[in-house]
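Here the structure is laid out as structure tokens; the discussion comes afterwards.
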Amino acid sequence: MRLRRQRWSTIGAIALAAACGGADGKAATAPVVPVIDADTFPLRALAQQAGIRIGSAGDRGFRWTGSDGSTFRAILGREFSVLTPENDMKFDHVHPAQNTYYFAGADSLVAFAQQNQMAVRGHTLVWHQQLPTWLTSGSFGADEASQQLIDHVTTVVSHFKGKIFAWDVVNEALNDDGSLRSTYWLDHIGRAYIEIAFRTARAADPDVALFYNDYNVEGMGPKSDSLYTMVKNFLARGIPINGVGFQAHLTLNGVPPTLGANIARFVALGIKVHITELDVRVPVPSTNASLTSQAQNYHDVVAACIQNRGCELVTTWGFTDKDSWVPSTFPGFGDALPWDNVFQRKPAYRSIYNALAGR
Ligand code: 9MR
């Protein structure tokens, strides 16, 4: 076992030893795998023992009132040690008019995270979606667009300085073939917009970790190859980048076989990997068989992160099937998360637990 996996707090060591059935911290000869007191050992505690963190996105659910809202917040605060605002830090939310910034929604999430000893993962500064119409319907030139990007990144990063441990600086800049996606930013500024965003974020906060985040980069392929080349190029040229986020919006049994090797090659560059938006969508109605396969998929992703030094975090994109982007985006699919739509734990929860516990 590597050193970082041995960061056992006294309490954690005792707790986990008890969970494994061995009073001396060693597993009993026949560990009783499924018998786990989930309320005593939240996922975040097991993740800490495993040397990673476990997070969830949240915001719409967070704003619910009534019994669902309190249940949502209770599970979020108990089970997860990292919170990613699902929408509240995006451009249209925090920068709704040209000279107007709005931070109250995001600030309330940061406050919730602090109250629950959760770290906050910032999402996202520069993206092609959720841009306000004042930006996209204006007729701006290259210099104006550069200034808009610099102003936005500087203002938002400065506002949250010291409260956020990592930012998705640029999100989804690549097409699946590895070429640069046509976006407001690429089309106005050119390919330099990505490094301008990273340099600007670093200038605004010298300590926060700066990530590039995308989907379909989890396994080896043209898109992740292109990302790898970009990161290598940035590092060689002194462009500040600290990590890559693999979103991991997966289809059932769609965990790429090269996930572990792909994490390893990015880590070998000296940067971190975060699994940032994990969910595994299944055809609905789901069945025992599909939920069992889904659980295995969750296990494989968490285990791949734990096994690769430099993979620091697994974040699920929400945690309850009651509040997920999947059903509206992929009609006929859903049930993608570890808790069901009445907040009961699914086999996927159990398999995350087992993976974190080293089983
Ligand atoms: O989950 C988010 C959903 O509520 C928003 O309507 C949507 C807008 O495009 O964005 C979703 O989150 C996305 C994330 O920010 C970036 N990666 C893909 C996620 C799912 O679309």
Side-chain angles (χ1 to χ4, degrees), residues 55-64 68-69 72 76 80 82-96 102 105-106 108-109 120-133 135-136 152-153 156 160 164 166-176 180-186 194 197 210-219 223-224 227 243-252 254 256 273-282 301 313-339 341:
S56 172
D59 60 4
R60 289 165 299 152
F62 174 81
R63 287 197 294 270
W64 291 348
D68 274 353
F72 185 93
L76 185 62
F80 300 95
V82 176
L83 176 63
T84 303
E86 186 170 343
N87 289 291
D88 276 325
M89 290 182 179
K90 290 174 179 172
F91 202 120
D92 59 350
H93 285 244
V94 298
H95 198 168
Y102 167 80
S108 70
L109 286 173
V120 180
R121 203 170 180 290
H123 177 83
T124 176
L125 296 167
V126 181
W127 191 27
H128 62 285
Q129 286 189 33
Q130 288 174 276
L131 293 174
T133 48
L135 189 75
T136 52
H152 180 80
V153 172
V156 177
F160 294 107
I164 283 186
W167 266 111
D168 287 332
V169 178
V170 175
N171 193 44
E172 300 173 6
L174 296 171
N175 293 310
D176 281 349
L180 284 176
R181 180 197 293 273
S182 168
T183 72
Y184 176 85
W185 306 112
L186 180 75
I194 301 178
L210 305 178
F211 275 67
Y212 174 89
N213 189 52
D214 215 327
Y215 60 88
N216 288 351
V217 292
E218 298 79 14
K223 192 170 185 178
S224 64
L227 176 57
V244 292
F246 294 176
Q247 292 184 6
H249 292 294
L250 302 176
T251 54
L252 190 59
V273 172
H274 290 176
I275 307 295
T276 52
E277 306 184 14
L278 175 61
D279 51 25
V280 181
R281 56 186 179 269
V282 301
V301 173
L313 167 68
V314 176
T315 296
T316 55
W317 205 237
F319 63 87
T320 164
D321 292 335
K322 183 152 198 173
D323 189 8
S324 163
W325 72 296
V326 168
S328 59
T329 309
F330 300 101
F333 291 84
D335 292 357
L337 291 162
W339 275 258
N341 57 13

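Computed from a prediction, not measured in an experiment: that's the story for all the values here. Note: hydrogens, waters and symmetry copies are ignored here, and every other heavy atom, side chains too, is used. Ligands are counted one by one from 1 in listed order, and the atoms in each one are counted from 1 as well.
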Using a 4.0 Å cutoff against the non-hydrogen atoms of Q129, which atoms of ligand 1 qualify? 8 (C), 9 (O)
Identify, by atom number and element, the atoms of ligand 1 in contact range of E86, meaning under 4.0 Å from any of its heavy atoms. 1 (O), 2 (C), 3 (C), 4 (O)
Side-chain heavy atoms of F72 within contact of F319, under 4.5 Å: yes
Would you mind reporting whether F333 and P327 have side-chain heavy atoms less than 4.5 Å apart? no
Tell me the contacting part of W317 for ligand 1: side chain, backbone, both, or neither, using a 4.0 Å heavy-atom threshold, strictly below. side chain
Using a 4.0 Å heavy-atom cut-off, which part of N213 comes near ligand 1: side chain, backbone, both, or neither? neither
So, does R181 use its side chain to make a donor-acceptor pair with the main chain of E172 at under 3.5 Å? yes
Closest non-hydrogen contact found for M89 with H123 is CB-O, 3.3 Å
Would W325 and F330 count as a close aromatic pair, with their ring centres under 6.0 Å? yes
Please assess D214 against V244 for the test side chain to side chain contact (heavy atoms under 4.5 Å, CB included), listing each intermediate value before the final yes or no. CA-CA 8 Å; D214 215 327; V244 292; over 6 Å; no
Can you find an N/O atom of [X] closer than 3.5 Å to an N/O atom of ligand 1?
X	answer
N171	no
W325	no
H123	yes

Check each of E172, K90, M89 against atom 11 (C) of ligand 1 and report the one with the nearest heavy atom. K90
